[in-house]
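Since the structure comes first, as structure tokens, the remarks are kept for the end.
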Amino acid sequence: MPLRFYIYDISYEVVGREPHILLWGVNEDNERVVLRDRTFRPYFYVIPSNESEVSRLVGEIKRLSSVKSPITNVEVVTRKFFGKPMKVIKVVTVIPEYVREYREMIRGMDGVADVLEADIRFSMRYMIDKGLTPCSWFEVSNAEEVRKSPSLRVSREYEVFGEFTPLQIHKPPEMKVLAFDIEVYNPRGAPRPDRDPVIIIALMNSEGEVKVIEKVGEGPRGDARVIDEFVSYIQQYDPDIIVGYNSNKFDWPYLLERSKLLGVRLEVGRVKDGIPRTSVYGHISIPGRLNVDLYDFVEEISEIKIKSLDVVAEYLGIMRRDERVLIPWYEISKYWDDPNKRELLIRYAVDDVKSTKGLADKLLPFATQLSSLTGLPLDQVGSASVGFRLEWYLMRAAYKFNELIPNRVERPYEPYKGAIVLEPIRGIHDNIAVLDFTSMYPNIMIKYNIGPDTFVEGECSEDQCYVIPELGYRFRKEPPGFYKAVLETLLEMRRGVREVMKKLPQGSVEYRILDERQKALKILANASYGYMGWVGARWYFRQGAEAVTALGRKTISTAIDLAKKLGLKVIYGDTDSLFVEYNPKIDEFIRLVMEKLGLEIKVDKVYRRVFFTEAKKRYIGLTTDGLVDIVGFEAVRGDWAEIAKEVQELVAHTILAEGSISKAIELVNNVIKDLREGRVALDRLIIWKTITKPLDEYEVSAPHVTAARRLIELGGRVEVGDKIGYVIVKGSGPISSRAYPYIAVKVEDIDSDYYIDHQIVPAALRILEYFGVTEKQLKTASKGVRTLFDFSKKR
DNA sequence: GCACGATTTATACCA
DNA sequence: ACTGGTATAAATCGTGCG
């Protein structure tokens, strides 16, 4: 009988000598179910170097068949490879693990050009071939309920016999989410699982219930019960999704190590003996459940510079920092050991888990849409990079187009020319419109049919091919290539989603879901150019990426010429944007660009006033709403001290909104005075910088590297990707020798001259220098009133 | 051997 | 581990000096 279900995950098991696909889902009665398919078999393709070799190869491949996993079928089929139809050999076997062995044997055979699609994981292969995507509703034409395997902790089990049809329902069933957060005893700095017990596990579920598991009693093994209780809680609540914050890199690895040491079974999965294990893209996989590390999604929010849970929760409006308990990591054991403070530590853990749950409510809808679009299960989609997400989408598209999926190959890095950035006209400009080409690169790829399969090596006339300026590369106009077809589908889907959204009330659940979906579609489309130029991509094509930027340069230059011809003054531009005088000629300009270039340009925003120094990629603008936009300057960078960023922001505001130079000078004077007189808190002096490689690979002793080394000496742990917060203390010698982790420094030891000369003054001067303000004026208070008006008079 | 400008290394931003 | 273009700081190199 037919069955409708929401699929959230997929796995497989080998039963006897038969691979079984397990689809984890929710049925229409909101029961957790497993659909078992025993009929699917792994396969791959062999590309012959010469078509005349095919029949010989078929015979040879058949003879490779071994008992452990017989080759059950070898057939010649037609597939396209980079758009070109060809005869290839499809080899089917039984046990997924043997694909690799056969691949290696066949790869070395005479007359074999390549082996393709032998590196696609079996469960992904199944979903691609069946058109299944996770986090989506399907109907299977025939599924029979069978006796449930005792090892599966679900309500029902079915066996699949029919075909799948996607259902046009975007709303997921009620998924049970469980947030968790562990606290670990760490008297000597960074905790070590071989020594330091888990002292608290805080949990919060979809119903809003909070549970705290505390270690009771002393002794090094006291947390065995903590982990036991944690496991029981999970099995009893039975969540579909388990969320944590940095749980892939901390909580789960720690619990795994710790439970191994204590001999406790971390059996949290939905199958018997189902324990978490490290899987693809570095995520931790739990059988039958979706383990999602929300940190992965937070990493992509570039506005948040310091990604600690409290800061992120505040930024997203989940929990205010001044309304929660905050305990620095190096003091956790102190709070635990002090009977008067332990309660605070517990409240801290609860605040953390509440924040984590809040993060899940904010971020899972997007993650779910990304999962359903890319086909990557929800627990993988966050940890997969942008490139891999798009690649999975492309692999599915390739299957639908009967295109073979290229292998991942190691290639040398090949740089190529990028976009144009105009020299800004420095100074203050009033009434400036910022015009943007909409999705410039994706639209160029579509318009000029750019891709590896449309590239013409030999002669090709201009009526058959697009000839790329500067490069002379030629791309055939017809038929549409792989990238063009995919991009058009993506953009068409996005248009469709946005169309449906218009008919929905803005606050509705459906509206929200579709909004996340259209965002995910946009992200995928916008990643396509970068993906094509990524040496790690299966569909890497340097000449294509090169052509896109060349066409981009041509497009923006032509637009500039058109603007000039209309008498529109261009102030600045970068890649796909132009800053021009805001006047009625703009309408004509937009029309002309559309007519001559066939690409859409539109007014993105209007500045009442905008200011440029001589630097590219940096400006401040006063919007029509009276807000000050700061772009590129120190104030928006995460690696400047808060105090310097505040000063610059204030200066920017004073100059743009109030037009007062003297007031700006005065406020800098005051901040410097405050700093000199010790009225600035330490946390406004911290400089945060990322450690981008192992410490011993650094060629210079940069301040943040020195600080990181000192942090390790203090018992801390530093990993690649960590942000080190350091301050500069008084003394002599290079700055790096005076950079210390902020936790180890008292405010009296701060080198205020460093902060004045290397942080506050440069940040302020960056803007004020143009108005003739000197370092001396900023450092010594004086009277006098100067406005922008006075300044322009003098000039 | 030192001072100082030039170059290199490193980070984070813009699009 | 999606791209190239850009600004900037701090460390380090290299050179002239005499």
Side-chain angles (χ1 to χ4, degrees), chain A residues 281-282 296 299-300 302-303 305 383-391 393-394 408 413-424 434 436-442 445 523-542 544-550 552-553 556 572-579 604 612-619 629-641 644-645 687-693 697-706 720-721 723-724 728 733-739 754 757-759 762-763 765-766:
Chain A
Y281 311 122
D296 289 332
E299 266 196 308
E300 290 164 26
S302 56
E303 293 89 335
K305 312 293 172 187
S383 35
S385 67
V386 175
F388 286 115
R389 289 175 192 170
L390 177 62
E391 190 154 84
Y393 185 86
L394 296 176
R408 191 171 288 293
Y413 168 64
E414 306 170 273
Y416 60 89
K417 216 166 152 195
I420 290 180
V421 188
L422 301 187
E423 207 75 55
V434 184
D436 271 346
F437 279 96
T438 37
S439 302
M440 186 199 244
Y441 286 173
M445 288 169 76
I523 286 171
L524 287 176
N526 285 345
S528 55
Y529 148 74
Y531 172 85
M532 186 163 62
W534 169 42
V535 287
R538 289 178 192 265
W539 279 276
Y540 170 69
F541 190 53
R542 195 213 73 228
E546 213 179 352
V548 173
T549 56
R553 293 193 295 274
I556 195 96
Y572 175 67
D574 183 352
T575 313
D576 61 351
S577 72
L578 285 178
F579 289 55
D604 181 51
F612 285 94
T613 68
E614 67 291 340
K616 297 172 173 181
K617 298 196 180 270
R618 294 185 153 202
Y619 54 87
D629 270 352
I630 303 181
V631 179
F633 283 110
E634 287 74 8
V636 295
R637 291 180 62 102
D639 58 350
W640 280 71
K645 301 205 289 177
I687 297 162
W688 295 90
K689 270 204 169 80
T690 311
I691 295 294
T692 59
K693 53 186 168 190
E697 284 175 23
Y698 277 93
E699 297 187 40
V700 291
S701 25
H704 68 301
V705 179
T706 320
V720 172
K723 273 206 161 53
I724 303 296
I728 305 299
I735 289 157
S736 63
S737 73
R738 296 185 282 120
Y754 170 80
D757 295 334
H758 291 84
Q759 293 275 321
L765 228 41
R766 202 80 68 205

message: Regarding A/Val636, tell me which of base, sugar-phosphate or nothing describes its non-hydrogen contacts under 4.0 Å with the strands shown.
response: sugar-phosphate
query: Relative to each other, are the rings of A/Phe612 and A/Tyr619 parallel, tilted or perpendicular (30° and 60° limits)?
result: tilted
query: Between A/Tyr698 and A/Thr692, is any side-chain donor less than 3.5 angstrom from a side-chain acceptor?
result: yes
message: Check A/Lys616 with A/Asp574, please: is the shortest side-chain N to carboxylate O separation under 4.0 Å?
response: no
- request: At the 4.0 Å heavy-atom cut-off to chain A, mark where contacts on DNA chain C begin and end, going 5' to 3'.
  value: C/dA1 to C/dT12
Sub-3.5 Å pairs of nitrogen or oxygen atoms, protein against nucleotides 9-11 of chain B:
{"unit_1": "B/dT9", "atom_1": "OP1", "unit_2": "A/Glu699", "atom_2": "OE1", "d": "3.3"}
{"unit_1": "B/dA10", "atom_1": "OP1", "unit_2": "A/Lys693", "atom_2": "NZ", "d": "3.3"}
{"unit_1": "B/dA10", "atom_1": "OP1", "unit_2": "A/Glu699", "atom_2": "N", "d": "2.8"}
{"unit_1": "B/dA10", "atom_1": "OP2", "unit_2": "A/Lys693", "atom_2": "NZ", "d": "2.9"}
{"unit_1": "B/dT11", "atom_1": "OP1", "unit_2": "A/Thr690", "atom_2": "O", "d": "3.1"}
{"unit_1": "B/dT11", "atom_1": "OP1", "unit_2": "A/Thr692", "atom_2": "OG1", "d": "3.3"}
{"unit_1": "B/dT11", "atom_1": "OP1", "unit_2": "A/Tyr698", "atom_2": "OH", "d": "2.5"}
{"unit_1": "B/dT11", "atom_1": "OP1", "unit_2": "A/His704", "atom_2": "NE2", "d": "2.8"}
{"unit_1": "B/dT11", "atom_1": "OP2", "unit_2": "A/Thr692", "atom_2": "OG1", "d": "2.4"}
{"unit_1": "B/dT11", "atom_1": "O2", "unit_2": "A/Arg637", "atom_2": "NH2", "d": "3.4"}

- request: Assign A/Tyr413 to base, sugar-phosphate, or nothing according to its heavy-atom contacts below 4.0 angstrom with the strands shown.
  value: sugar-phosphate
query: When we call it a touch if two heavy atoms are under 4.0 Å apart, what does A/Tyr540 touch: a base, just sugar-phosphate, or nothing?
result: nothing
task: Using the six-membered ring wherever Trp is involved, compare the ring planes of A/Tyr281 and A/Phe388 and label them parallel, tilted or perpendicular (cut-offs 30° and 60°).
output: tilted
- request: Would you mind telling me which residue lines up with the more 5' stretch of DNA chain C, A/Ser528 or A/Ser701, judged by nearest nucleotide?
  value: A/Ser528
query: Which residue lies toward the 5' end of DNA chain C, A/Phe633 or A/Ala419, if each is placed at its nearest nucleotide?
result: A/Ala419
query: Is A/Tyr572 touching bases, backbone alone, or none of the nucleic acid, heavy atoms closer than 4.0 Å?
result: nothing
task: Could you check whether A/Trp539 gets within reach of a base, just the sugar-phosphate, or nothing at all, counting any heavy atom under 4.0 Å?
output: nothing
- request: Using a heavy-atom cut-off of under 4.0 Å over every strand shown, decide if A/Gly387 touches base, sugar-phosphate, or nothing.
  value: sugar-phosphate
message: Taking any heavy-atom pair under 4.0 Å as a contact, classify A/Tyr441: base, sugar-phosphate, or nothing.
response: nothing
